Asker: 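I'd like to ask you about the structure that follows.
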Amino acid sequence: MNVVEVDRKLLRELQALGFPLSRSANALHSSGNSGLEDAVNWIIDHENDADIDQMPLLAVNIEIDSSEPEYTNEEMEMKVQELRDRAHQKKEEVKKLEREGEKERIRAGKELLETKRIAEENERKRFLALRKAEKEEEKRARAKIRQKIDADKVERRHTLGFLSENPAAVNPSTPIVHNKMNPLPVLSFTKAEHMRECLRSLKRNHKDDDARVKRAFQTLLIYVGNVIKNPNEEKFRKIRVGNLLFQDRVGSMKEGIEFLELCGFEKTEGCNFLFLPRHKVDMAALNSAGSLLRSALTNPFFGVLSG
């Protein structure tokens, strides 16, 4: 352990003020024996240190000159009290700063929580607005589907020969034929209506295999589309009935063959081919067939018959 050199005079004065020897010696050594005021300040600043009262080894018979003025006991007590008051004031200022810092941390925390609450509220409102918009969109979609179903019902009733309450309002251009033997009017069937019923029959008869029905509709649309785009190309107007791909997709369904015949195709060469002569190409009928096929592919209710 190192020997602590202290000013004996200052040491006696500190002891006279009531400070223990160990604390006085540590204060003088740590303040460099610079003076009584510095030593007292050190004691006040370090009075809570755990080792402040640990007794150091003191140098014997060592005098250190000090420029510290002579103080009476009363003056020293006043000086020490002044130093204590100053240290207390400093501690109070530190505590005040700490309290203000704590208040600022609390305020910042509250602002952060409020900001988070506002952000969560805005997110909740945005979610509710989005959900409301989705519900409205679903409502509009359901309304469109209902309208489509109603229109399809009316159209099927016309196709099957039933009159609506106001047939002119549904389709005023539809021709009506009156049967002399039957007082009820019966709607005449057009080629397009035959095509539509043919596709519906195909879907109903194969309702347990939607994928097969879809492939048949897609294949028929390709055949019809090729003829519309290339009416002068014979290869697009001639189909080999025995072709395995054709049989798998269309030929094995009687409604598929019937639909092609309604489009103008005829069986030739011992029924080995379906052929559409150039002079019998009816673009209006083919366009109508294409529209019906596209409708059958996109309308999930196509082919659903209701009373």
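Bear in mind that the values here come from a model prediction, so they are computed numbers and not experimental data.
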Asker: Does a side-chain N-to-carboxylate-O contact under 4.0 Å join Glu114 and Arg117?
Answerer: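 A salt bridge is present here (some side-chain N lies under 4.0 Å from a carboxylate O).
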
Asker: Charged N to carboxylate O under 4.0 angstrom, Glu100 versus Lys103?
Answerer: no

Asker: Ion pair present between Arg237 and Glu234, side-chain N to carboxylate O less than 4.0 angstrom?
Answerer: no

Asker: Looking at Glu197 and Arg204, does any basic side-chain N land under 4.0 Å from a carboxylate oxygen?
Answerer: yes

Asker: May I ask you to decide whether Arg124 forms a salt bridge with Glu121, counting only side-chain N to carboxylate O separations under 4.0 Å?
Answerer: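 Yes, this pair counts.
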
Asker: Could you please spell out the steps behind the side chain to side chain contact (heavy atoms under 4.5 Å, CB included) verdict for Thr190 and Met195?
Answerer: CA-CA 9 Å; Thr190 65; Met195 290 179 179; over 6 Å; no

Asker: Ion pair present between Arg107 and Glu104, side-chain N to carboxylate O less than 4.0 angstrom?
Answerer: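 So Arg107 pairs with Glu104 through a salt bridge.
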
Asker: Could you tell me if the side chain of Arg240 sits less than 4.5 Å from the side chain of Asn272, heavy atoms only?
Answerer: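 Asn272 vs Arg240: side chains apart.
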
Asker: Considering only NZ, NE, NH1 and NH2 on the basic side and carboxylate oxygens on the acidic side, decide whether Arg196 and Glu193 come within less than 4.0 Å.
Answerer: no

Asker: Should Glu134 and Arg131 count as side-chain neighbours, where that means a heavy-atom distance under 4.5 Å?
Answerer: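 Yes, close enough: below the 4.5 Å cut-off.
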
Asker: Quick one: does Phe217's side chain get under 4.5 Å of Phe259's, heavy atoms only?
Answerer: no

Asker: Apply the test side chain to side chain contact (heavy atoms under 4.5 Å, CB included) to residues Val224 and Ile228: give CA-CA distance (whole Å), side-chain angles for both, the deciding distance (0.1 Å), then the verdict.
Answerer: CA-CA 6 Å; Val224 171; Ile228 292 174; 3.8 Å; yes

Asker: Show every side-chain hydrogen bond (donor to acceptor under 3.5 Å, both in side chains) that has at least one partner inside residues 255-267, sequence neighbours left out.
Answerer: Asn205-Glu255, Glu266-Lys280

Asker: With a 4.5 Å limit on heavy-atom distance, are the side chains of Asn232 and Val281 in contact?
Answerer: no

